[in-house]
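Just so you know, ligand 1 is whichever comes first in the structure, and atom 1 is the first atom listed for that ligand. This structure is a prediction, so every number in the text was calculated from the model and none was measured. Counting from 1, the numbers follow the sequence of the chain as shown.
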Amino acid sequence: MSPSLTNSPIQICPSDHPAAAEERAKRMTHLGFGHIFTDHMVVVPYKEGQGWGQGVLKSYGPIEMDPAASVLHYGQAIFEGFKAYKQPDGGIACFRPEANARRFNTSAARLAMPELPEALFLEAARALITQDQAWVPSAVGESLYMRPLMIATEAALGVRASNEYLFLLMASPSGAYFPAGVKPVTVWISDDYVRAAPGGTGFAKCAGNYAASLVAQRQAKGEGCDQVVWLDAVHRTFIEEMGGMNIFFVFQEKGETVVVTPELTGTLLPGITRDSLLQLAREQGFRAEERKISVDEWRAAVNDGRMTEAFACGTAAVITPVGHVKSRQGEWSINRGETGPVAAKLREVLLNLQHGLAPDTHGWMKKIV
Ligand SMILES: *Cc1c(COP(=O)(O)O)cnc(C)c1O
């Protein structure tokens, strides 16, 4: 270890077998989502009483764990997702990573896990992106998807919060999340399953929420749909989210375009894309509202022409229009199943900002390289 590195929270130990340039180029030709990884990862251990230990950036690869590690039994696992984008000046910038660092700690607190200093979260990202900058793709819509993760590693079968944890950060060059691109999806409104209940973990980005959602997603597929739409657990009436994304509805009211998204009740995941779009929509001259919206209102507003679009949003897929809705109560289409102008506009505004093609008036872009 060189002396200059001993004070750094992340010690840099480069891989002795990074992919050669031709190999990297080959692997980056058909970018999907989340199946190729860069040469390195960051690992930071935590021990109760000692706090966070020395972080290490090292070769990407399997991690060793005791079979009794509590994450494998009781599921203390949280994650995040944000993206690094190539900028027109050749640099690289992340979109609102501080917001992800904050939300990571909100999730940690809910799962009785230790908080990670935001500065350490950001330093890990800076180190990994800097080291693996050749893996950042450059086309609009492409990015380096960053996946931070925290798991409970103590070997102990007693049911209690673990005394040991591991923070991991990996990076995956990514293209379109949905292979068909911005083609509108067909959704299934789930009334057999709920994603989150009051007092539960809906607002936390924890692994268990996803595990519990998969059977509903499979049911949606069986109904000929791409994604599941979640209703509130108590009334099974109000729309909460679509799959792992937040959802927006577009109304035309007395000549005004109104963008509506379900209000944050504690059972919804507070998306950073959702928050960004609320601000960007207002700047586009739309009215933006956070309120409850029921399935009945959805169907009625589509039928009488007041609702002209619906779309989902999240870091991975940015904006995905909803073209058709199916449920046990019936089916309907929105905007004849086509992408609407508001979804298209907001998608363009957000992507231009992220790729540095429009001025960053909000201070959302964090320059890394
Ligand atoms: C991550 C996530 C979102 C989207 O959040 P972003 O910060 O916009 O990526 C929405 N819903 C769920 C359930 C999620 O896990």
For ligand 1, which atoms, with element, lie under 4.0 Å from some heavy atom of [X]?
X	value
Met245	10 (C), 11 (N)
Arg195	13 (C)
Thr315	6 (P), 7 (O), 8 (O), 9 (O)

Does any N or O in the side chain of [X] come within less than 3.5 Å of the main-chain N or O of [Y], such that one atom is a donor and the other an acceptor?
X	Y	result
Gln76	Ser162	yes
Trp52	Glu115	yes
Glu241	Val229	no

How about [X] and [Y]: are their ring centres within less than 6.0 Å of each other?
X	Y	result
Tyr60	His40	no
Phe104	Phe167	yes
Phe33	Tyr145	yes

Whether Phe238 and His235 hold their rings parallel, tilted or perpendicular, with breakpoints at 30° and 60°: perpendicular
Under 3.5 Å between any N/O of [X] and any N/O of ligand 1: does that happen in this structure?
X	answer
Tyr210	yes
Arg274	no
Ile272	yes

Protein contact of [atom] - nearest heavy atom, named by residue and atom, plus distance:
atom	answer
atom 8 (O) of ligand 1	Thr273 OG1, 2.6 Å
atom 3 (C) of ligand 1	Gly244 O, 3.2 Å
atom 2 (C) of ligand 1	Lys205 NZ, 2.6 Å
atom 5 (O) of ligand 1	Gly271 CA, 3.4 Å
atom 11 (N) of ligand 1	Glu241 OE1, 2.5 Å

Phe82, portion touching ligand 1 at heavy-atom distance under 4.0 Å: neither
Pair Lys345 + Glu309: basic N to acidic O under 4.0 Å: no
